[in-house]
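Shown next, in structure tokens, is the structure this report addresses.
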Amino acid sequence: MAVLNFFDTYILAAIMEEYVPNTFFFRDRYFPTSDNDVFASDKVLTEYRKGDRRMAAFVSDRVGDIPMGRIGYEVHELEPAYIGVSRYLTLDDLKKRGFGEALYSVSTPAERAARLLRDDMGDMDLRIRRREEWMAVQTLIHNACTMQEYVDDKTKGDKRHVQFYEGTASDHIYTVAKPWDNFAEMRADVIAMCRMLSYRGLPVTDLLLGTDTADAILEFKDLRELLDKNSGIAIGSIREQLSAYAGVVLLGTLNFGGFQLNLISVDESYMDDDGATKPYFPKTSAAVTTPGCGHFMYGQITQIDYGGTVPVTHPGIRVPKFTIDQDKDIRKLRLASRPLAAPKNYCPCIYAEGVVK
């Protein structure tokens, strides 16, 4: 009877696939991943195209038809930045009571090691997902992403920059004439932002709001009057409710010149490399887009697996690696990933900053 080696990379990867991950709003709603997004190569292919707005031509009966050219699209070969996190397991860790463990536990060191292995994989995956959430937001609001590499936990290395536009400026930025003081001003700007997408044949369903922007909108007197059922104008409804994502509130649905938009207030935050807490989405900003406007792609990881002597490549979203220092009685578990957030169409999000004071 064959005995499974739970420290084998393939077994650890299978365990990782069964792990139920934490959900993150921007990553899961706007940049989902499919099987075609996992590449068996160091680089990934990003492709996007502009919406088609051409019409069919009138032709003479004698001609029969006019051939239609295919829609052009751009393809770029990019190498995703590498993410690697690890955690050590020492003999001292196996002797101490673990988090959530009974005060007088009867767990053996082997049982405690197995539980710590499971918990460590979850903790490392959560940190990678927070970074992916940051990458998703950066790609939405900048149509680009700059990734700072580190050579250790304090020393900065090279920077990797990817952008999904040519030249020095992107077509996804909208500048308001002045900060919104009322719904009428907001409505005109949001309609203009929506039309920047619809003009290119792209859908728009969500209006993303920073927390200060959301708070200001709920205080607009003219919006409150329009929402009054006696006003006779069916502009929508405001019904605040928590979503399935932590820090995300669904405010309701409003009509902006025929665009029925979901108003979503985003209050997710993270701790940056300097230890400061920051919001993923700026507090005074707004953006219009639609779910699934982009996707996460992943390059392969090359490593020498536990017990092996030659490098092996592993295509996957997360690739674990187990190592052991027998002389010092230390185990180490690493979780690696090569993610890249990319749009599916050219500029699928319109972003405006400083829309409220």
State, yes or no, whether a side-chain contact exists between Leu140 and Phe281 at a heavy-atom distance under 4.5 Å. no
Would you check if there is a donor-acceptor pair between the side chains of His295 and Asn36 at a distance under 3.5 Å? no
Is the shortest distance from a Lys or Arg side-chain nitrogen in Lys178 or Glu185 to a carboxylate oxygen in the other one below 4.0 Å? yes
Decide if the gap between the ring center of Tyr270 and the ring center of Tyr280 is smaller than 6.0 angstrom. yes
Going hydrophobic residue to hydrophobic residue with side-chain gaps under 4.5 angstrom, can you get from Ile304 over to Ile330? no
Do Phe183 and Phe220 have ring centroids that are under 6.0 Å from one another? no
Just verifying a value: how many Å separate Arg131 CZ and Leu126 CG, rounded to the nearest 0.5 Å? 13.0 Å
Counting only heavy atoms not in Asp158 (residues, nucleotides, ligands), do more than 12 fall under 6.0 Å from its CG? no
With side chains defined as the heavy atoms from C-beta onward, is the minimum distance between Leu333 and Met124 less than 4.5 Å? yes
Pair Arg334-Gln303, side-chain donor/acceptor within less than 3.5 Å: yes
Under a 3.5 Å threshold, yes or no: a donor from one side chain and an acceptor from the other, between Tyr346 and Asp171? yes
Compare every heavy atom of Val44 with every heavy atom of Gly299, then report the nearest pair and how far apart it is. N-CG1, 3.9 Å
Answer yes or no: is there a side-chain heavy-atom contact under 4.5 Å between Val288 and Leu197? yes
Regarding Thr277 and Ser269, do their side chains bring together a donor and an acceptor under 3.5 Å, going by distance alone? no
Is any side-chain heavy atom of Arg331 closer than 4.5 Å to a side-chain heavy atom of Thr323? no
Gap separating the OG1 atom of Thr168 from the CD atom of Gln163, nearest 0.5 angstrom: 8.5 Å
Tightest non-hydrogen contact, residues Met135 and Leu340, listed as CE-CA, 4.0 Å
Evaluate Asp189 against Tyr174 for side chain to side chain donor-acceptor pair (under 3.5 Å), listing each step before the verdict. CA-CA 9 Å; Asp189 284 327; Tyr174 180 86; 2.6 Å; yes
Output yes when a side-chain donor or acceptor of Asp125 lies under 3.5 Å from a complementary backbone atom of Met121, and no otherwise. no
Could you check if a side-chain atom of Trp134 sits within less than 4.5 angstrom of a side-chain atom of Phe26, using non-hydrogen atoms only? no
Considering the options Lys332, Arg87, Arg127, which one meets the salt bridge (Lys or Arg N to Asp or Glu O under 4.0 Å) requirement together with Asp120? Arg87
Does any part of the side chain of Asp42, heavy atoms only, come nearer than 4.5 Å to the side chain of Gln300, both counted from C-beta? yes
Assess Arg27 against Phe296: is NZ or CZ under 6.0 Å from the centre of the six-membered ring, and within 45 degrees of the ring's axis? yes
Kindly say whether Ala276 contributes a backbone atom to a donor-acceptor pair with the side chain of Asp274 at under 3.5 angstrom? no
Give a yes or no on this: more than 12 heavy atoms of other residues, nucleotides or ligands lie within 6.0 Å of atom CD of Gln138. yes
Check this for me: Arg29, atom CZ, are more than 12 non-hydrogen atoms of other residues, nucleotides or ligands nearer than 6.0 Å? yes
Regarding Glu132 and Arg318, does a basic nitrogen lie under 4.0 Å from an acidic carboxylate oxygen? yes
Note, Leu261 side chain near Leu254 side chain (heavy atom, < 4.5 Å): no
Does Gln326 CD have over 12 foreign heavy atoms under 6.0 Å away? no
I'd like to know if Lys159 and Glu149 make a salt bridge, using a cut-off of under 4.0 Å between side-chain N and carboxylate O. no
Give a yes or no answer on whether the side chain of Asp206 reaches the backbone of Leu208 with a donor-acceptor pair at less than 3.5 Å. no
Is there a side-chain contact between Ile83 and Pro339, using heavy atoms and a 4.5 Å cut-off? yes
In terms of hydrophobic clustering (I, L, V, M, F, W, Y; side-chain heavy atoms under 4.5 Å; direct or indirect links), are Leu251 and Leu242 co-clustered? yes
From CA spacing to verdict: side chain to side chain donor-acceptor pair (under 3.5 Å), Thr290, Thr205: CA-CA 5 Å; Thr290 194; Thr205 60; 3.1 Å; yes
Would you find a donor on one side and an acceptor on the other, under 3.5 Å apart, between the side chain of Ser243 and the backbone of Val248? yes
